[in-house]
Amino acid sequence: MIKFIFSIKPWLRITIGLLYLVLIVLLSLLPTSDLPDIPLFSGEDKWIHSCMYLGLGFIACWSLDFSEKARKPHLFLLLTGVFMWGVLMEVLQRLMSNGRGMEILDMVANMVGAVAGLILYKLLAKKQSSMAEAIKG
C-alpha cells in the first residue's frame, strides 16, 4: 500500500491535494444550517478539525514530494502554509455571516492535526525509502 501511495503520478497528487483543499474550504465555510447536526461526543468539533488538517498536512507533503532527485519541500514552510490556511478559514468564518465563528481552539486543533499529518508523512516516506533500498540492495 505504501509503495502504491508513493507511486502515484505528480499531476494526480497535486490534483488530489487541490480537491482536498476545496473540500476543506467547503466544510469550513458552509453555513451551519447546511451541515448535519449529529452530536457524537463532547469536543468532537476539535477532533474533526484535527483530522481534517492531519489529512491536509499529509497531502501537502505528499503532493509536493514526487521526485527523489528534486529538492524536497521544506517541512517548516509546509507546516506554516497549512496552519495559515486554517487561520484563513477561521478568519473567513468570522467575516462571513454564515452562523459560524472564529475560534482559537479550532486553530490549535488545526495545528495539532497538521503536525500529526507531517509526522505521518515522514514516517511513511521513511518506510518507503527503506523498502526501496532493501529491494535495490
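Rounding to the nearest 0.5 angstrom, the gap separating the CE atom in Met89 from the CE atom in Met96 is 9.5 Å. Asn110 contributes atom CG, which lies 12.0 Å from atom CD1 of Ile48 (distance to the nearest 0.5 angstrom). The CD1 atom of Ile8 sits 11.0 Å away from atom OG of Ser63, with the distance rounded to the nearest 0.5 Å.
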Before giving the answer on side-chain contact (heavy atoms from CB on, under 4.5 Å), spell out for Phe58 and Leu124 the whole-Å C-alpha distance, their side-chain angles and the decisive distance to 0.1 Å. CA-CA 10 Å; Phe58 179 86; Leu124 289 178; 3.7 Å; yes
Show the numbers, then the answer: is there a side-chain contact (heavy atoms from CB on, under 4.5 Å) between Arg94 and Val91? CA-CA 5 Å; Arg94 172 130 169 87; Val91 169; 5.6 Å; no
For Glu90 and His49: C-alpha separation, side-chain torsions, deciding distance, then whether side-chain contact (heavy atoms from CB on, under 4.5 Å) applies. CA-CA 11 Å; Glu90 291 298 316; His49 277 267; 3.4 Å; yes
Residue pair Val115, Phe83: steps toward the side-chain contact (heavy atoms from CB on, under 4.5 Å) verdict: CA-CA 9 Å; Val115 169; Phe83 175 69; over 6 Å; no
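No donor-acceptor distance shorter than 3.5 angstrom exists from the side chain of Trp85 to the backbone of Ile24, with no hydrogens or angles considered. Here the side chain of Gln128 pairs no donor or acceptor atom with the backbone of Phe6 at under 3.5 angstrom. Looking only at distances, a side-chain donor or acceptor of Ser50 sits under 3.5 Å from a matching main-chain atom of Ala109. No donor-acceptor distance shorter than 3.5 angstrom exists from the side chain of Tyr20 to the backbone of Ala60, with no hydrogens or angles considered. Looking at Arg100, its side chain never comes within 3.5 Å of a backbone N or O of Pro31 through a donor-acceptor pair.
Cluster annotation: Leu29 and Tyr53 are assigned to the same hydrophobic cluster (Ile/Leu/Val/Met/Phe/Trp/Tyr, side-chain heavy-atom contacts under 4.5 Å, transitive). Under a hydrophobic clustering in which Ile, Leu, Val, Met, Phe, Trp and Tyr are joined whenever their side-chain heavy atoms come within less than 4.5 Å, directly or via other members, Met107 and Leu95 fall into the same cluster. Under the 4.5 Å side-chain contact rule for hydrophobic residues, Ile16 and Ile2 share a cluster. Tyr121 and Phe4 fall within a single hydrophobic cluster, where Ile, Leu, Val, Met, Phe, Trp and Tyr are joined by side-chain heavy atoms under 4.5 Å apart, directly or via other members. Following chains of ILVMFWY side-chain contacts shorter than 4.5 Å, one can reach Leu88 starting from Leu23, so the two form part of one hydrophobic cluster.
Looking at heavy atoms from C-beta onward, Leu56 lies out of side-chain contact with Met52 at the 4.5 angstrom threshold. At least one side-chain heavy atom of Leu79 sits less than 4.5 Å from a side-chain heavy atom of Met111. Within the 4.5 Å cutoff, the side chain of Gln93 has heavy atoms near those of the Ser28 side chain. Using a 4.5 Å heavy-atom threshold, the side chains of Leu123 and Lys126 count as separate.
Closest of all the heavy-atom pairs between Ala114 and Val82 is CB-CG1, 3.5 Å. What you find for Ile59 and Gly17 is that their closest heavy atoms are CG2-CA, 3.3 Å.
We find that Lys46 and Glu103 are joined by a salt bridge, their nearest charged nitrogen and carboxylate oxygen being less than 4.0 Å apart.
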